[in-house]
Undergrad: 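This structure is in structure tokens; I'll ask about it shortly.
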There are 2 protein chains.
Amino acid sequence: MRHTKTLERLKESGYRLTPQRVMVLAALAARPGHIGVDEIYRQVYEGYPYIDVATVYRTLQLLKNLHMVTELDVGGTTRYELIEADRHHHMVCRGCGNAFDFSPTYLVEFRQRLTQEFGFQPDLEHFAIGGLCSRCAESL
Amino acid sequence: MRHTKTLERLKESGYRLTPQRVMVLAALAARPGHIGVDEIYRQVYEGYPYIDVATVYRTLQLLKNLHMVTELDVGGTTRYELIEADRHHHMVCRGCGNAFDFSPTYLVEFRQRLTQEFGFQPDLEHFAIGGLCSRCAESL
DNA sequence: TGGCTTATTGCAACCGTTTGCAGTTGTGAT
DNA sequence: ATCACAACTGCAAACGGTTGCAATAAGCCA
């Protein structure tokens with residue numbers, strides 16, 4: 001169970017461990033990578049047809065605030081991913097829609113300059129950048 | 001008229017110069033800075049009550065694709081801005097919601113590394129980053 | 001175990017944005 | 001000036017996501 005620790009953390013944070021939340025987390029854990037709300041909803045629905053989309057959205061919102069999932073905009077559709085130990089950022093290709101990872105070290109210089117020169121503290125935890133991957137760039 | 005050139009460019013690109021489009025551009029030009037769809041809609045409505053929100057959205061989408069406006073997400077609400085000669089990026093404060101500008105030079109190192117090491121070509125034209133401005137950071 | 005409190009849920013209505021469609025209108029050619 | 005045609009519009013319906021509310025149930029304590 002990849003999400004057992006996440007469940008414990010939820011409880012420790014003072015939130016209730018409802019079946020709906022467990023099932024949403026199970027759905028997130030079942031499929032590695034970025035998964036859409038509709039997929040989560042469908043999977044939970046299989047085991048519990050009384051589930052409401054609103055609950056799925058509220059759960060995802062909660063998990064996002066607790067930094068347990070990342071919200072990621074992939075070509076117009078919002079997708080979610082369980083946060084694992086190894087933090088990374090995303091490059092989302094506007095050609096094929098795939099998401100690639102890159103290390104936070106790529107942004108340290110950028111962050112430093114904004115902080116030093118403007119006193120601005122950028123949110124870079126869940127940072128994603130659009131663009132064109134090498135394969136799609138070739139096939140143009 | 002700050003947007004006369006934009007109008008000409010629209011026509012040159014093969015798009016029709018409809019009254020609705022002219023009025024949307026006028027609304028964008030009337031107020032400097034970032035402006036919301038509702039404000040644009042209301043202002044156009046004053047002079048032409050048959051205008052539909054869908055038309056406003058479609059026009060903004062078109063102008064965005066032609067790189068004549070920037071779309072900017074300021075604390076959950078989407079805002080638009082006419083692109084003028086001096087390009088800049090945005091820092092959006094999650095405390096006060098204000099948007100500050102910074103020069104594209106801040107991102108050259110970041111872009112170079114992504115391109116060289118992954119072959120990924122990031123879209124940085126209309127780049128915005130969330131965070132906390134110095135004033136809001138102080139008052140915490 | 002049972003009862004209390006309050007977070008959480010399902011429902012339905014809502015919001016901002018997008019889309020299909022049939023009618024309209026800008027534009028370029030005649 | 002008129003015509004023809006595709007681009008464009010307004011409308012209404014749809015979409016993804018959010019919110020207010022009354023009913024439910026998780027967690028805690030006795």
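Side chains included, hydrogens not; waters and symmetry mates left out as well; all remaining heavy atoms used. Nothing here was measured: the structure is a model prediction, and the numbers come from that model.
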Undergrad: Does B:Thr55 place a side-chain N or O at less than 4.0 Å from the phosphate oxygens OP1/OP2 of D:dT9?
TA: no

Undergrad: Using a strict 4.0 Å threshold on nitrogen-to-oxygen distance, state whether B:Glu71 and B:Arg79 make a salt bridge.
TA: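 No, B:Glu71 and B:Arg79 are not salt-bridged.
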
Undergrad: Rounded to the Å, how far apart are B:Leu7 CG and C:dT27 P?
TA: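 Taking CG of B:Leu7 and P of C:dT27, I get 11 Å after rounding.
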
Undergrad: So, applying side chain to side chain donor-acceptor pair (under 3.5 Å) with B:Arg113, which one of B:Gln116, B:Glu109, B:Glu117 is it?
TA: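 Only one of B:Gln116, B:Glu109, B:Glu117 forms a side chain to side chain donor-acceptor pair (under 3.5 Å) with B:Arg113, namely B:Glu117.
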
Undergrad: Record whether the side chain of A:Arg58 comes under 3.5 Å of the base of D:dG20 through a donor-acceptor pair of N or O atoms.
TA: yes

Undergrad: Among the nucleotides D:dG10, D:dA6, D:dG27, which one has an atom lying closest to any side-chain atom of A:Arg16?
TA: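 Comparing D:dG10, D:dA6, D:dG27 against the side chain of A:Arg16, the answer is D:dG27.
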
Undergrad: Rounded to whole angstroms, how far apart are OH on A:Tyr15 and P on D:dC28?
TA: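 To the nearest whole Å, that distance equals 15 Å.
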
Undergrad: From the list D:dT9, D:dC11, D:dA6, which nucleotide is the closest neighbour of the side chain of B:Ala54?
TA: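 Out of D:dT9, D:dC11, D:dA6, the nucleotide with an atom closest to B:Ala54's side chain is D:dC11.
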
Undergrad: Look at the side chain of A:Lys11 and decide which nucleotide, out of C:dG26, C:dT27, D:dG27, has an atom nearest to it.
TA: D:dG27

Undergrad: Base, sugar-phosphate, or nothing for B:Thr78, non-hydrogen atoms under 4.0 angstrom?
TA: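 Contact class for B:Thr78: sugar-phosphate only.
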
Undergrad: Measure CG/A:Leu60 against C1'/D:dG17 and give the value in whole Å, please.
TA: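 Interatomic distance, CG of A:Leu60 to C1' of D:dG17: 11 Å.
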
Undergrad: To the nearest angstrom, how far is B:Tyr48 atom OH from C:dT24 atom P?
TA: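 Roughly 12 Å, once rounded to whole Å.
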
Undergrad: I want to know whether A:Phe127 and A:Tyr106 have ring centres closer than 6.0 Å.
TA: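 No.
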
Undergrad: May I have the distance from B:Ile51 (atom CD1) to C:dT25 (atom P), rounded to whole angstrom?
TA: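 Going from B:Ile51 (CD1) to C:dT25 (P), I get 13 Å.
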
Undergrad: To the nearest angstrom, how far is A:Asp52 atom CG from D:dC21 atom C1'?
TA: 13 Å

Undergrad: Given atom CD of B:Glu12 and atom P of C:dG26, what is their separation to the nearest angstrom?
TA: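 Those two atoms, CD and P, are 20 Å apart.
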
Undergrad: Does a side-chain N or O of A:Thr18 approach OP1 or OP2 of D:dA25 to a distance below 4.0 Å, or not?
TA: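 Answer no for this pair, as no side-chain N or O of A:Thr18 is under 4.0 Å from OP1 or OP2.
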
Undergrad: Rounded to the nearest 0.5 Å, how far does CZ of B:Phe120 lie from SG of A:Cys93?
TA: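 If I round to the nearest 0.5 Å, the distance is 6.0 Å.
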
Undergrad: Hey, which of these two, A:Arg21 or B:Glu71, hits DNA chain C nearer its 5' end, going by closest nucleotide?
TA: A:Arg21

Undergrad: Should B:Gln20 be listed as having a side-chain N or O under 4.0 Å from OP1 or OP2 of D:dG10?
TA: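 True: B:Gln20 side-chain N/O within range (under 4.0 Å) of D:dG10 OP1/OP2.
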
Undergrad: Can you tell me the distance, in whole Å, between the CG atom of A:Asp38 and the P atom of D:dG17?
TA: 8 Å

Undergrad: Is the backbone N or O of B:Tyr15 less than 3.5 Å from a side-chain atom of B:Ser13, with the two atoms forming a donor-acceptor pair by type?
TA: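 No, the answer is negative, given that no donor and acceptor are paired below the 3.5 Å cut-off.
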
Undergrad: Heavy-atom nearest nucleotide on DNA chain C for B:Val53 versus B:Leu17: which residue maps closer to 5'?
TA: B:Val53

Undergrad: Counting any heavy atom closer than 4.0 Å, what does A:Tyr57 reach on the DNA or RNA strands: base, sugar-phosphate only, or nothing?
TA: base

